[in-house]
Asker: 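Sharing a structure here in structure tokens format.
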Protein chains: 2
Amino acid sequence: MTDSHFDLDLFLPYLLNQAAEAVSREFQAIYRERHGMTRTQWRVMANLGRFGAMTARDICAASHEEKTRVSRAVAALEVAGFLARLPSDRDGRAEILSLTAKGLAVFADLGQQALSYDAGLRAQLGAADADALHDLLLRLRALVPPAAAED
Amino acid sequence: MTDSHFDLDLFLPYLLNQAAEAVSREFQAIYRERHGMTRTQWRVMANLGRFGAMTARDICAASHEEKTRVSRAVAALEVAGFLARLPSDRDGRAEILSLTAKGLAVFADLGQQALSYDAGLRAQLGAADADALHDLLLRLRALVPPAAAED
DNA sequence: TTGACTTGGTTGCATATGCAACTAAAAGCT
DNA sequence: AGCTTTTAGTTGCATATGCAACCAAGTCAA
């Protein structure tokens, strides 16, 4: 991006999106075909699988997602029988979410898939470059102020 | 991603999306607020601005986008008076798209915004790291097979 | 020329999402 | 206690998108 004329192909936001879309498209096929799940649903599962029972709010905070998205994903996952809600005894508004046995099985499956997909990606990039990328992405995310929806 | 339990925060596709979304959200505010434009619309403009007159098909090929998306973006941009369609004299199906004077002005504006946004991003990452990121993203995009919709 | 297949582009339909408005429970404050 | 302000979640509405089906112009081959 040295010259004064604009070239999309040198534009970081564009490249980021292209790469993200390309990679996501591939992995999406997995959770979609195997469990009829949407990306947000998969993320919710991933959070519950990793951290155990937590509220929708916690998931929003942990995964930088908007509450509407999470709310709908949770509803769908409940219908699918992957998670259960329990009223919180500390806060009458909140609900404690946790994976059902069925949900745990799905998470185990997708977790494995994710690990191997990720490993494949890193192998193709080379370990050192993959780590560098990982690091850069974290820095980028941190650079940008959080979504307004996170208040 | 060394252990066998899956952690979303170490998952490259997830990080890629987070970073892309964070960055896009910011820049989106610009073309959205200034010209009421959607991301695909902005990309179409960017292609036309950079390459001059071309068909929708060419845009799809150049920007790895799906034809439906491009088709609708073109329709909206035409309504907004940013681009014009001319029947191709070589192919009765194709239409040659080009920016109107108004469209060129918008492109000039957004091009500048993009350049400076990109420069800001690169400055925050540091020139060397920014270049490394740029390179990694291109490699990533190339790694993944193109969308099925591109046939 | 005629018929089969490909290709540029559009449209219908179903779904995911953003945003704003809304409900109900908590917290603060006086 | 009584009142205002947050906060956890949900919902309505408008819009963007994916996918498959579709139309019309081209291409190819006999």
Side-chain angles (χ1 to χ4, degrees), chain A residues 17 20-22 24-26 28-29 31-33 36-44 53-80 83-97 146-151, chain B residues 17 20-22 24-26 28-29 31-33 36-44 53-80 83-97 146-151:
Chain A
N17 257 300
E21 274 175 32
S24 289
R25 196 182 331 115
E26 276 208 325
Q28 179 188 50
Y31 51 70
R32 204 182 166 203
E33 279 158 27
M37 189 172 291
T38 193
R39 181 153 74 208
T40 311
Q41 287 168 32
W42 148 240
R43 285 189 192 168
V44 168
M54 61 201 298
T55 69
R57 189 195 155 266
D58 295 333
I59 295 181
C60 290
S63 64
H64 306 266
E65 307 243 23
E66 294 163 303
K67 56 199 242 181
T68 311
R69 250 152 87 161
V70 171
S71 171
R72 289 196 243 246
V74 166
L77 290 171
E78 187 186 26
V79 168
L83 67 74
R85 314 182 187 208
L86 280 182
S88 163
D89 50 340
R90 306 204 161 198
D91 187 333
R93 296 163 299 179
E95 297 174 310
I96 314 286
L97 308 172
E150 283 186 35
D151 43 26
Chain B
N17 258 299
E21 273 175 31
S24 289
R25 195 182 332 115
E26 276 209 324
Q28 178 188 49
Y31 51 70
R32 203 181 167 206
E33 279 159 25
M37 191 172 287
T38 195
R39 183 154 72 207
T40 311
Q41 286 169 32
W42 148 240
R43 284 189 192 168
V44 167
M54 62 201 297
T55 68
R57 190 195 154 270
D58 295 333
I59 295 182
C60 290
S63 64
H64 308 265
E65 307 246 22
E66 295 163 302
K67 57 199 239 180
T68 311
R69 249 152 89 160
V70 170
S71 171
R72 290 196 242 247
V74 165
L77 290 170
E78 187 186 27
V79 169
L83 67 74
R85 315 181 186 209
L86 281 180
S88 163
D89 51 339
R90 306 206 160 194
D91 186 333
R93 295 163 299 180
E95 298 175 309
I96 313 285
L97 308 172
E150 282 185 37
D151 42 25

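Here is how names work: the chains are called A, B, and so on, in the same order as the sequence lines, proteins then strands, and each is numbered from 1.
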Asker: Is the shortest heavy-atom distance from the side chain of A:Leu97 to the side chain of A:Thr55 under 4.5 Å?
Answerer: no

Asker: Quick one, B:Met37 and B:Arg32 - any side-chain contact, counting heavy atoms below 4.5 Å?
Answerer: no

Asker: Rounding to an integer number of Å, can you tell me how far B:Glu66 CD sits from D:dA20 P?
Answerer: 11 Å

Asker: Quick check: do B:Arg39 and B:Tyr31 have side-chain heavy atoms less than 4.5 Å from each other?
Answerer: yes

Asker: For B:Gln28 and B:Ile96, find the nucleotide of DNA chain C closest to each by heavy atoms; which residue's nucleotide sits nearer the 5' end?
Answerer: B:Ile96

Asker: To the nearest 0.5 Å, what is the distance between CZ on B:Arg57 and CD on B:Glu95?
Answerer: 14.5 Å

Asker: Please write out each protein N/O paired with an N/O of nucleotides 2-4 of chain D under 3.5 Å, distance rounded to 0.1 Å.
Answerer:
none

Asker: Compare every heavy atom of B:Val70 with every heavy atom of B:Thr40, then report the nearest pair and how far apart it is.
Answerer: CG2-N, 4.4 Å

Asker: Would you tell me if any nitrogen or oxygen in the side chain of B:Thr40 comes within less than 4.0 Å of OP1 or OP2 on D:dT17?
Answerer: yes

Asker: Whole angstroms only, please: what is the CD1-P distance between B:Ile59 and C:dG9?
Answerer: 9 Å

Asker: What's the spacing between A:Arg43 CZ and A:His64 NE2 if we round to 0.5 Å?
Answerer: 10.5 Å

Asker: What is the separation between atom CG on B:Leu83 and atom P on C:dG9, rounded to the nearest whole Å?
Answerer: 12 Å

Asker: Taking the basic N atoms (NZ, or NE/NH1/NH2) and the acidic carboxylate oxygens, is any pair closer than 4.0 Å for B:Arg69 and B:Glu65?
Answerer: yes

Asker: List, with names and distances, any nitrogen or oxygen atoms from the protein found under 3.5 Å away from nitrogen or oxygen atoms belonging to nucleotides 25-29 of chain C.
Answerer:
| unit_1 | atom_1 | unit_2 | atom_2 | d |
| --- | --- | --- | --- | --- |
| C:dA25 | O3' | A:Gly92 | N | 3.3 |
| C:dA26 | OP1 | A:Gly92 | N | 2.4 |
| C:dA26 | O4' | A:Arg93 | NH2 | 3.3 |

Asker: In whole Å, what is the span from the CE atom of A:Met54 to the P atom of D:dG9?
Answerer: 11 Å

Asker: Could you give the distance from CE (A:Met54) to CD1 (A:Ile59), rounded to the nearest 0.5 Å?
Answerer: 5.0 Å

Asker: Pairs under 3.5 angstrom, nitrogen or oxygen only, protein versus nucleotides 10-13 of chain D, please.
Answerer:
| unit_1 | atom_1 | unit_2 | atom_2 | d |
| --- | --- | --- | --- | --- |
| D:dT10 | OP1 | A:Arg85 | NH1 | 2.4 |
| D:dT10 | OP2 | A:Ser71 | OG | 2.6 |
| D:dG12 | O6 | A:Arg72 | NH2 | 2.8 |

Asker: Does OP1 or OP2 of C:dG8 have a side-chain N or O of B:Ser88 closer than 4.0 Å?
Answerer: no

Asker: From the set C:dG9, D:dG9, C:dC19, return the single nucleotide nearest to any side-chain atom of B:Ala94.
Answerer: C:dG9

Asker: Between atom CG in B:Leu97 and atom C1' in C:dG9, what is the gap in whole Å?
Answerer: 11 Å

Asker: Rounded to the nearest angstrom, tell me the gap between atom CZ in A:Arg39 and atom P in D:dG18.
Answerer: 11 Å

Asker: If you pin A:Thr55 and A:Glu21 to their nearest nucleotides in DNA chain D, which one's is more 5'?
Answerer: A:Thr55

Asker: Measuring from atom CD1 of B:Ile96 to atom CG of B:Asp91, what distance do you get when rounded to the nearest 0.5 angstrom?
Answerer: 9.0 Å

Asker: Would you say that A:Thr38 contacts A:Gln41 through its side chain, given a criterion of any heavy-atom pair below 4.5 Å between the two side chains?
Answerer: yes

Asker: For B:Lys67 and B:Cys60, work out which heavy atoms get closest and say how close.
Answerer: CA-SG, 3.6 Å

Asker: Roughly how many Å is it from CZ in B:Arg43 to P in D:dA16, rounded to a whole number?
Answerer: 15 Å

Asker: Taking CG from A:Leu77 and C1' from C:dA16, how many angstroms apart are they, rounded to a whole number?
Answerer: 14 Å

